[in-house]
Amino acid sequence: MKEFYQLSATEVKRELNGYEEPLTSDDVEKHKEKYGANELAEEKKKGTLAVFLEQFKDFLVVILIFSAIVSGFLGDGESAAVILVVITINAVLGTVQTKKAEQSLAGLKKLSGPEAKVLRGEAVVLLPTREITVGDIVLLEAGDYVPADGRIIENASLKIDESALTGESVGVDKTSDVIEEEVPLGDRKNMVFSGSFVTYGRGSFVVTGIGMGTEVGKIAGLLKTTSEKKTPLQVSLDQFGQKLSIIILVFCGILFGISVFRGQDIGNAFLFAVALAVAAIPEALSSIVTIVLSFGTQKMAKEHAIIRKLQAVEGLGSVSVICSDKTGTLTQNKMTVEDYYVEGRRIRAAAIDVEDRAQNQLLTYSILCNDSTNVDGVELGDPTETALINLGSTLHREAKEIREKYPRLSEIPFDSDRKLMSTLHKLDGKYIMVVKGAVDVLLGRMTAIQKQGAVCAVTEEEIEKIVAQNEAFSQEGLRVLAFAYKEMPQAADKAYEPGQKDGRLALEDEKELTFLGLIAMMDPPREESKAAVEECIRAGIKPIMITGDHKVTASAIARRIGILKDDSEACEGADIESLTDEELKDFVEGISVYARVSPEHKIRIVRAWQEKGNIVSMTGDGVNDAPALKQADIGVAMGITGTEVSKDAAAMVLTDDNFATIIKAVENGRNVYRNIKNAIQFLLSGNFGAILTVLYASIAGLPVPFAPVHLLFINLLTDSLPAIALGVEPHTSRVMEEKPRPVNESILTRDFLIKIGTEGLVIACTTTAGFLIGYRQGGGALGSTFAFGTLCLSRLVHGFNCKSERPVVFTKRFFNNLYLIGAFVIGFALITAVLTVPALNGIFKVVTLRMPQMMTVYGLAVMNLLVIQVLKWFRRFNRR
Ligand code: ATP
């Protein structure tokens, strides 16, 4: 039997579907049932039970289980049971959090999942690639991932990077012709393979294999779900946690030795040392970061920024330079044609006369040399081109009609390096190549001009007139395209008919052109751009516009939205070509607008800023932008107009293509970082308070202030909820008043550690006071009850201290985090029950407190709140 590549595309369609048209909706369903979804089987995810069991692998938990067993042997069954219950509850909490974080990340992946353009019925629809089935007709253009294996139907200079399959990254030229003989995979030039991507050109193919049936499915077998790499913050906290754990373990070991030396019971001394270690070691640090990051990404997704790499959330807080595209990101990308310039006259779009030969010709050419469509109001394609067909359709005839009358015989697709696009048509018996593109590029390739229908040699004067007109349009912020054409030599007559290979347009043909006219389009800035730029500057971030458009147009728009203050801050891509990397580093400092930039320039600009110690965010949409997006610290792709390849390379995808969304994301990033910092401050200062209290008692020769179960109760139950609640503290825009966080600044700065130290000291003071009051009133047991109650409540109250650097009591802010209030209420209810319900007393090794005693404990906890708030006030006052 013949393979698909040995059949014509029509035969393939017939064999798979029984007919040549796109799949009917009935057959789509049938095929989906028969072939399944277009996806590679994933490695099995860990089940809930496995995640739950993993919680017990933690070193500390193992020690705790061991100590529960020791307690049991020592005849203290109650303690053993409590420890086990607490560990189990803690593991359940851990499992729920891990699963939630996993789900939210999986949700994000789905949101930014790949899509493809598929012909279903009459229309082209954008579908998630998993929906594609065998027999479907898929359209391809530069920047698309090939979503399935298939036989090429239409091939317009398609070049495909098949490195995912072959390791060879040079683009492969494709064909739509039948290959008769049997050839290996790499030579099946009329086939495309899933996982490769289009680097150039346009085309379509009929799907022959999906999911596990594709070549890549056969090789790869399973899609390895790459586990999320830890973010720099997680890594540094892990390292810090490890060091701290060792110190604490040594400390607890010494304490254990002293207790035994003093003649205490070995079993109890051991249990205590373990409990203190658990209370002091901040084992939750890394997981809090994961949870807060995943909550942060959910919020960002709702605000149109989808995070693809978790590191980006942290990085966003340090961004100090944002390089943004103009078209569509800073502007609305809703283009409308404003003016025409043809045969030496400027004509308003509304005044175009279709009866005029030259105007009619320009209108027709703008529809022919154009890939966009507008079917019943549904626009598909580049807005620059859609603007052209919209005008053509209203004034003249439907684009479809014109395109059917003069079909495209060959083409050289647009690319942003060349800044040109050419198509070949048979018009009035002649083969005409229509070229459109950037005015400066086209001027360099024209030798003639059309006047009163005749082709004449172009004069210097005429060129100057065109340049002046282009300047005038650009000054008004209009985007200008030039149109030219060339009659292709008659000798090649037959060769240009469809199917004639040698009749293809080649790059060398784009010269000796005849100038026809200019079309100027308006693309107004987005309304929110100006405010976003202002906010960006206020936040200490430099906004930079990088565009392929003309310098004057770019400057006009940049000035309007506040990026450009002085004309000397604008330059062209060509200006940086002659600079060495060293010179470029000085040069970039004074530039806010780069015009006529090609993708390679983008990489150099990013690198220059990075070498100056900046964290750079860069937007991009084209296939050639992928390297710059990867080079940037935060590569940002456009969700609407971006190519699949650019989205894949980016750390963040904007679902609304809007510059303002990047600024919002920076604000979110800064807030997330601040919340993580607050949660860490909460955990570490509380732990430190507990250690200091124990240390004091041990130095003062007093009994140990806590029973092991107290520390476990606080650390594993009443402490984790406020920490998470602090992580989801409502965001404020005040973070945008600060400068970007220095890149290599560790989260644990000296200032931060001092704050943790002082607040820990305050907690230790109130707890020790409670301990001493209780000890004086009724000895060790009452003292320990007081200490436990005060520490537990002080830490709950301390959650409110950690909300902000500023004092928050007596402000609305105090109540704005319902989760924190909820965490407080739960903790408060638990500890009050433990201290006052006699049935619970035995289990938690406390004595029942009477009302006045309870009041003392509450009072001490509140004191802790007040003292730290006053300290905050002082600190602020001092700083001012
Ligand atoms: P930005 O980089 O801000 O998105 P841009 O859309 O102008 O701006 P490119 O898409 O790289 O950047 O386009 C570069 C230039 O190529 C444009 O200024 C225009 O002159 C020309 N151009 C853009 N689109 C087309 C097209 N479809 N056909 C022909 N020429 C085009």
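First listed ligand is number 1; within each ligand, the first listed atom is number 1.
Close contacts of ligand 1 with Thr547, meaning ligand atoms under 4.0 Å from a residue heavy atom, involve 1 (P), 2 (O), 3 (O), 8 (O). With ligand atoms numbered from 1 in the order given, ligand 1 contributes 29 (C), 30 (N) to contacts under 4.0 Å with heavy atoms of Gly437. Residue Asp382 has at least one heavy-atom neighbour below 4.0 Å for each of these atoms of ligand 1: 24 (N), 27 (N).
Considering backbone and side-chain N/O of Asp621, none are found under 3.5 Å from N/O of ligand 1. Here's the thing with Lys326: one of its N/O atoms is less than 3.5 angstrom from an N/O atom of ligand 1. Ligand 1 has no N or O atom lying under 3.5 Å from any N or O atom of Leu481, backbone or side chain. Any N or O atom pair closer than 3.5 Å counts here, and His550 shares no such pair with ligand 1.
Relative to atom 20 (O) of ligand 1, the option among Ala482, Pro599, Ala438 with the closest non-hydrogen atom is Ala438. Distances from atom 23 (C) of ligand 1 to the heavy atoms of Lys419, Arg479, Met421 put Arg479 nearest.
A salt bridge links Lys117 with Asp144: at least one charged nitrogen is closer than 4.0 Å to a carboxylate oxygen. The pair Glu510-Lys486 does not meet the salt-bridge criterion, since no charged nitrogen lies less than 4.0 angstrom from a carboxylate oxygen.
Relative orientation of the Tyr485 and Tyr365 rings is perpendicular, given thresholds of 30° and 60° on the angle between their planes.
Of all protein heavy atoms, the one closest to atom 27 (N) of ligand 1 is Glu385 OE2, 2.8 Å. The closest protein non-hydrogen atom to atom 15 (C) of ligand 1 is Gly548 O, 3.7 Å. In this structure, the protein non-hydrogen atom closest to atom 9 (P) of ligand 1 is Ser416 CB, 4.0 Å. Regarding atom 28 (N) of ligand 1, its nearest protein heavy-atom neighbour is Lys436 NZ, 3.0 Å. What sits closest to atom 31 (C) of ligand 1 on the protein, heavy atoms only, is Phe414 CE1, 3.1 Å.
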Let's go through Arg346 and Glu476 carefully: what are the C-alpha distance in whole Å and the side-chain angles of both, what is the deciding distance for salt bridge (charged side-chain N to carboxylate O under 4.0 Å, His left out) to 0.1 Å, and is it a yes or a no? CA-CA 14 Å; Arg346 176 175 182 169; Glu476 294 167 35; 3.2 Å; yes
Checking side-chain contact (heavy atoms from CB on, under 4.5 Å) for the pair Val146/Phe197: CA distance, chi angles, key distance, verdict? CA-CA 5 Å; Val146 177; Phe197 67 90; 5.8 Å; no
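Side-chain contact annotation: Asp621 with Ser646, donor-acceptor N/O pair under 3.5 Å absent. Side-chain atoms of His304 and Thr661 form no donor-acceptor pair, as typed in the model, at a separation below 3.5 Å. No hydrogens or angles considered: nothing links the side chains of Gln332 and Asp523 as a donor-acceptor pair under 3.5 Å. For the residue pair Thr364/Asn360, the side-chain donor-acceptor check at 3.5 Å is satisfied. Defined by atom type and a distance below 3.5 Å, a donor-acceptor pair is missing between the side-chain atoms of Ser176 and Asn155.
Under 4.0 angstrom from ligand 1, there are no non-hydrogen atoms of Val439. Residue Arg596 touches ligand 1 through its side chain alone, judged by heavy-atom distances below 4.0 Å.
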